[in-house]
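Below is one structure, written out as structure tokens; comments come after it.
Since this is a predicted model, take the numbers as computed values, not measurements.
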Amino acid sequence: MACASSCRPLFLSSPFPSSSSPSSCSLTTPFLFCLSPINPSSKPIITTLTANSGSFPVLSVGGGCDGGNNNNNDDGPFGSDSWRWNDDSSSSSSHSYPFLLFLSSLLACSSHSQLSSALARANGETEEDDVVWEVRGSKWTKLIPDFSDDAFVVSNGISNLTKLLSLSTLWGQCRDLVMRLLLPEGFPDSVTSDYLDYSLWRGVQGVASQVSGVLATQALLYAVGLGKGAIPTAAAINWVLKDGIGYLSKIMLSKYGRHFDVNPKGWRLFADLLENAAFGLEILTPSFPHLFVLIGAIAGAGRSAATLIQAATRSCFYAGFAAQRNFAEVIAKGEAQGMISKSIGIGLGIALANCIGSSTSFALASFGVVTWIHMYCNLKSYQSIQLRTLNPYRASLVFSEYLLSGQAPSIKEVNAEEPLFPAIPFLNLLSANRERSVVLSSEAKQAASKIELRLQLGSKLSDIVSNKEDVLALFNLYKDEGYILTEQEGKFCVVLKESCSPQDMLKSLFQVNYLYWLERNAGIESRGASNDCRQGGRLQISLEYVQREFNHVKIDSESVGWVTDGLIARPLPNRIRPVYATV
């Protein structure tokens, strides 16, 4: 029988339609299996067809087209003897070749989608009009058409099993998984630029904090008598007393929550110091077991207060990181990062505690090293944060620089210069190796520091005016404003009306900055409230300037990223309700 009539090609994978018949062996077919009758004395022959620029294997089963290889086979080309290969071997291998053919077919079928994707990608690279981009957050994925499945496939899809199992691919998949679990969707576009630095430093400090916690807990257990035949009930009572007294500090400290909004970095660093001090006290308890409840209560109070401050300030930081207002996701991913740090820290702490045992001296030495790492990482994490809201110091620095240069400074420059404790100058010494700002002027920095100390928001009207003339002059000048500003004994006193909003407080601070520059550069001193309110007086001049320029400075500040919807401050609770007589 001729070859054309005896050879039956079997197409296992064809990603593109072909107009040619199967027997013509289309060049676009990646794998072509030609099944022909098998001569018992024949061996399988595997040949290669060259298609386009690549070679594709063709499996030909049988002895070739010899014209008479099946004359004595009454069962036809696919009879019982057609699938037997007898090469003078034992009969046990008579079914080995069909099994090999089955495996080859299965492999070809399993790689169908990968091969189709690869050929579709190669064909689609020349047709840019057919390219589709899938956008998910900040990740752009190139899709190209796959005509065999009438669908789009990923351009850089895996084309073979070897690449699927390669080390680089596995590493990439693990990296993507970690990013999905620990970073907000769309990172880095969905958060601000300082988020990653903060998270990395917080991760290291979280590990150190948990190590200290394990050491402190072990010391408390030794102090309460666990392991020395102590009565469990007595130990439990002491433990409950220690924690119960400590919880009172959290309740009492909650009323100072507004302080945490104004200077969250400084308060957070103070909370970390408080937490480390509490750990240190707990490590000392084995040396003073008779004072367990007292020392434990003091340490518990410190830890409870630290926990409250940390939770309050953490919300300020996360709100600033949410560049796309994805607050919940940023918080959720932050908690996930914290759990990983805690797990690592607990493991290291347990290992270190087993090495130290009940030695208080070794525990204190180890605690000192871990505390130094903890505080250093905390300091670096807070320095990396770029707060975009305006508290009195940041607002004064922005306004002072605007009055000097006519431009609002950047968020990064202002945050780099802001002290952690503006009200405590001796705690704000900058490290010698810290990079100094080359954009902000020294005059603006000095002005911000002076204004921070001289500002008094929420002053009582009765404390700053002493006669009816001053009251009438101030009320008349500020009748359209939500505040009243004057100077008293070197203080910039801002009296807030009942209708005063955070925006009004921000506006009053802009006027305070202009008053400071009139005093420093123009030499215009205060001559009393009534005189300053007259035409040409310093209060009248400064208020007129503020009414004209306040919107301009807001627009310039917003253009560089500042949030100017109000002032984040801690004013005194005094308010007034002026009543104007109708004419």
Check your understanding: Could you go step by step and tell me if Glu401 and Lys445 meet the salt bridge (Lys or Arg N to Asp or Glu O under 4.0 Å) rule?
Key -> CA-CA 8 Å; Glu401 188 64 34; Lys445 301 173 191 176; over 6 Å; no
Could you tell me which residues satisfy side chain to side chain donor-acceptor pair (under 3.5 Å) with [X], sequence neighbours excluded, listed by chain and number?
| X | value |
| --- | --- |
| Tyr402 | Glu549 |
| Ser410 | none |
| Ser449 | none |
| Arg520 | none |

Does a donor on one side chain sit under 3.5 Å from an acceptor on the other, for [X] and [Y]?
| X | Y | value |
| --- | --- | --- |
| Asn513 | Ser400 | yes |
| Gln488 | Gln456 | no |
| Gln337 | Lys342 | no |
| Gln310 | Asp272 | yes |

Review point. Do the charged groups of Arg454 and Glu519 touch, with an N to O distance under 4.0 Å?
Key: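 Judged by the 4.0 Å cut-off on N to carboxylate O distance, Arg454 and Glu519 do form a salt bridge.
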Check your understanding: Does Glu487 pair with Lys491 as a salt bridge, N-O distance under 4.0 Å?
Key -> no
Review point. Of all residues at least two apart in sequence or in a different chain, which pass the ring pair (Phe, Tyr, Trp, His ring centres under 6.0 Å) check with Phe492?
Key: none
Point to revise | Residues which pass ring pair (Phe, Tyr, Trp, His ring centres under 6.0 Å) with Tyr198, listed by chain and number, not counting sequence neighbours | key: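 Tyr198 satisfies ring pair (Phe, Tyr, Trp, His ring centres under 6.0 Å) with Phe317, Phe321 only.
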Check your understanding: Atom CG in Leu387, atom OH in Tyr382: separation rounded to 0.5 Å?
Key -> 12.0 Å
Point to revise | Phe288, CZ: over 12 other non-hydrogen atoms inside 6.0 angstrom | key: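 Atom CZ in Phe288 is not packed in, count stays at 12 or less.
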Exercise for review: Mark yes when over 12 heavy atoms from residues, nucleotides or ligands other than Arg325 sit less than 6.0 Å from its CZ; otherwise mark no.
Suggested key: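 Atom CZ in Arg325 is not packed in, count stays at 12 or less.
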Exercise for review: Without swapping roles, check the side chain of Ser381 against the backbone of Asn378 for a donor-acceptor pair under 3.5 Å.
Suggested key: yes
Check your understanding: With distance as the sole test, does Asp504 use its side chain to make a donor-acceptor pair with the main-chain N or O of Ser501 at under 3.5 Å?
Key ->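 Such a contact is found between Asp504 side chain and Ser501 backbone.
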Check your understanding: Of Glu413, Glu418, Glu417, which meets salt bridge (charged side-chain N to carboxylate O under 4.0 Å, His left out) against Arg394?
Key -> Glu418
Exercise for review: Check Pro264 against Thr313 and note the closest heavy-atom contact, atom names and distance.
Suggested key: O-CG2, 3.6 Å
Review point. For Val207 and Ser341, which heavy atoms make the closest approach, and how far apart are they?
Key: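 That would be CG2-O, 3.5 Å.
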Practice item. Have a look at Phe399 and tell me which of Leu506, Ile451, Leu404 forms a side-chain contact (heavy atoms from CB on, under 4.5 Å) with it. Key: Leu506
